[in-house]
There are 2 protein chains.
Amino acid sequence: MSAAEPKPVSIFDVAKLAGVSHQTVSRVINDAPMVADATRAKVKAAIAELGYRPNRSARALAGGAVRSVTVLTTDTSLYGTAETLRGIEDAARAAGFTILVSVLDPDQDYTEADVLGRLPHDGAPAIVIAHDETTTGAMQVLQRKQAGATVATGGEHLDIEQHADDWLVSLDDRTVAARATRYLLSMGHATVHYLAIPSKANRQAGWAEALADAGIEAPEVVHSGWTVGSAYEAALELVADPEVTAILCGNDDLAFGVLYAAHRADRSVPGDLSVIGFDDSPLAAYHVPPLTTVDLDFRGVGRGAFELLRQKLEGGSHPRPTWRSPELIVRETSGPPGRR
Amino acid sequence: MSAAEPKPVSIFDVAKLAGVSHQTVSRVINDAPMVADATRAKVKAAIAELGYRPNRSARALAGGAVRSVTVLTTDTSLYGTAETLRGIEDAARAAGFTILVSVLDPDQDYTEADVLGRLPHDGAPAIVIAHDETTTGAMQVLQRKQAGATVATGGEHLDIEQHADDWLVSLDDRTVAARATRYLLSMGHATVHYLAIPSKANRQAGWAEALADAGIEAPEVVHSGWTVGSAYEAALELVADPEVTAILCGNDDLAFGVLYAAHRADRSVPGDLSVIGFDDSPLAAYHVPPLTTVDLDFRGVGRGAFELLRQKLEGGSHPRPTWRSPELIVRETSGPPGRR
DNA sequence: GAGCGAACCGTGAGCGCTAACATTCGGTGG
DNA sequence: CCACCGAATGTTAGCGCTCACGGTTCGCTC
């Protein structure tokens, strides 16, 4: 062909061209002080001329500042995960950080070594987006071994709560779940059913709590997978039961599945059946009818996780990052029961 | 605190414990032949005991096999992008590769240096998920400069078609777009309108082509953003016009927006209006009514992109990867016009 | 039993970079 | 006018690993 393996231009090439030492070049590319303006300009010119770009591996090896974060997660195509990742990315991009994504397989059992092996090196900064047991495990490993440089995000209930503020960033979906349940009860529903996502049980706990507070015995939880299809299947039975007038769903996708099942069963929403989701995914407001759901600021939380991590890395005491609190958004899939 | 900066255990530590040279350890961790079974076992034991894990940066620096791929993309929360990424991830995970995700800002203008600067080093393997001008630009840069190790994926029409087979992986959405349009025409619609995504115009081209073939003058294209909300806004006018009986939408999200607009305008689907989307997103089949759309195997394409790249990296002549061809899935949002 | 080639293992160098120290040089004050 | 200082630059070492060799050791052949 052509294009003989080209020049991997290094810091030394630049140094030679600029007539300085390689260290001076290093200083320039790292914006260190103690470099005369004239020299700096010369070096920059040489860099431009040669098209030099620093080698990240070498940098990392030599112990320079890190500038990269590994994100551990399972399914990047779930809305919550994707949005959280997006938040992390946005913040990372703004800060000039690179992100590495390492996807864990939920069907696999990871040892500590497996988890750590996914980091570029010992003690490398990482964020885990925690949803289920797989990522929760990873999170625990990191918290135990990573000496500070770890932040996890996600709304799960964990066994490790001590000093959680230092490294755990999460959305209080438990409280809103209770609030949503209470709202349904206040509309006059005798009870509220729960269709669960395959994930640890924050939302479910909030639901159960609200029912308990109201002195209502919680109906049996129905379990669904992550897909709309599985929610549809799982909801068939619920929807066929006229006693069921309100269903709280683990997320919007499940709610859509339930809505479809209701439609097929000829039950009108919200006349016969109220449905509430979680996430306020982009479609929720434009569904027919528009879905009552809970706004969860995943992007904000992702951003927050990154900011927190960066603070630990670079010291400094910026204010703790904030984001929107979960909020119930009442639209048209919920209302009083039995107005048929 | 506690946890004094722990042991960064290196290959030498392992070597000492196992009573061999560091090179032998290297051989073991790289599964090289020419190591006696007994030695191998000893080394492995030492590795386990010390909890040794290779440092990726050092490995990369020393010129070992790569095992990591940079993915360049813009919006990871779009369905197509997310699924493609997922396909890449799946394949990468199976092959033991790490993936680095670098998100480009569509509002920014990237120079060649900017794009290359996102790679860990010169000539590092990369995949770009191409949608719009931003990523297309990145793709061109890579193709020009990366000496082989580049594969791009996406369904865009590009100026660089030579030898495209070697590095371009894509879905032929243009042809299905034409097919979908012809299907609508065959149902008796006088014409088909197109609601465009903000992306280069493959699908639009297919639509225009089909209309031209049928001797129909293409109505003006209506432009939408990526969100359901923007599609809703954009569709308001179309939907108010009783002459409009069929709308082909750039993707499913836009179709949902149109459906919602139709609902608000009291136009029945598919009685008054036929709507077709693209992507076959998970919700499409469970929408009310279920959406006629085009199945696009983004995951397959992602997997394919990775496989192709791996072949270039490791030589070998595996069969060229394959995936499902785009296919029109007729559900309930399309049919003959005017059956009110 | 000399000769020879595998099989196995060790030694040195160096990837591109940064940290830490050493050096130079033009002032400045006593 | 010389010791002394600090800003600007150079020198040396080494991060953890792999590559390209160079040595051993062994089992066979003739």
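Residue numbering restarts at 1 for every chain, and letters A, B, ... go by the order of the sequence lines. Owing to the predicted nature of the structure, the values given are computational and were not obtained by experimental measurement.
Among the nucleotides D:dG16, C:dG16, D:dG10, the one closest to any side-chain atom of B:Ala62 is D:dG16. Of all nucleotides listed (C:dG10, C:dA13, C:dC9), C:dG10 comes nearest to the side chain of B:Val20. The side chain of A:Arg59 has C:dT18 as its nearest neighbour among C:dG10, D:dC17, C:dT18. Closest contact between the side chain of A:Tyr52 and the listed nucleotides C:dC17, D:dT9, C:dT18 involves C:dC17.
The side chain of A:Asn30 places an N or O atom within less than 4.0 Å of a non-bridging phosphate oxygen (OP1 or OP2) of C:dT18. For A:Ser10, no side-chain nitrogen or oxygen approaches OP1 or OP2 of C:dG16 to under 4.0 Å. Listed pair B:Ser26 / D:dT18 meets the phosphate criterion, a side-chain N or O lying under 4.0 Å from OP1 or OP2.
In this structure, A:Arg67 contributes its side chain and A:Ala95 its backbone to a donor-acceptor pair below 3.5 Å. Between the side chain of A:Asp13 and the main chain of A:Ser10, a donor-acceptor pair closer than 3.5 Å is present. A:Arg59 places no side-chain N or O within 3.5 Å of a backbone atom of A:Pro54 that could act as its donor or acceptor partner.
Atom-to-atom, CD1 of B:Ile29 to C1' of D:dC17 comes out at 8 Å; the value is rounded to the nearest Å. Per the geometry, CZ belonging to B:Arg53 stands 10 Å off P belonging to D:dC17, to the nearest Å. One atom, CD1 of A:Ile11, and another, P of D:dT11, lie 14 Å apart when rounded to the nearest Å. Spacing between atom CZ of B:Phe12 and atom P of D:dG16 amounts to 10 Å, rounded to whole angstrom units. The CG-P distance, from A:Asn55 to D:dG16, rounds to 17 Å in whole Å. Between the NE2 atom of B:His121 and the C1' atom of D:dC17 there is a distance of 14 Å, given to the nearest Å. In this structure, B:Gln23 atom CD and D:dT24 atom P are separated by 18 Å, rounded to whole Å. Following rounding to the nearest Å, A:Met34 (CE) and C:dA22 (P) show an atom-to-atom distance of 19 Å.
Where B:Gly19 and B:Leu61 meet DNA chain C, the nucleotide closest to each residue was compared, and B:Gly19 sits on the side nearer the 5' end. Map B:Ala58 and B:Thr24 each onto its nearest nucleotide of DNA chain C; the residue landing nearer the 5' end is B:Thr24. Each of A:His22 and A:Asp37 was assigned the nucleotide of DNA chain D with the nearest heavy atom; the assignment lying further toward the 5' end belongs to A:Asp37.
Using a 4.0 Å heavy-atom criterion, one finds that B:Pro54 contacts the sugar-phosphate atoms exclusively. Within 4.0 Å of B:Thr39, counting heavy atoms only, lie sugar-phosphate atoms of the nucleic acid but no base atom.
Ion pairing between A:Asp90 and A:Arg86 holds under the 4.0 Å rule for side-chain N and carboxylate O.
A donor-acceptor contact under 3.5 angstrom links the side-chain atoms of A:Arg27 to the base of D:dG10.
Side chains of B:Thr98 and B:Arg56: a donor-acceptor N/O pair is present below 3.5 angstrom, by distance only.
Using a 30° and 60° split on the angle between ring planes, B:Phe12 and B:His22 fall in the parallel class, below 30°.
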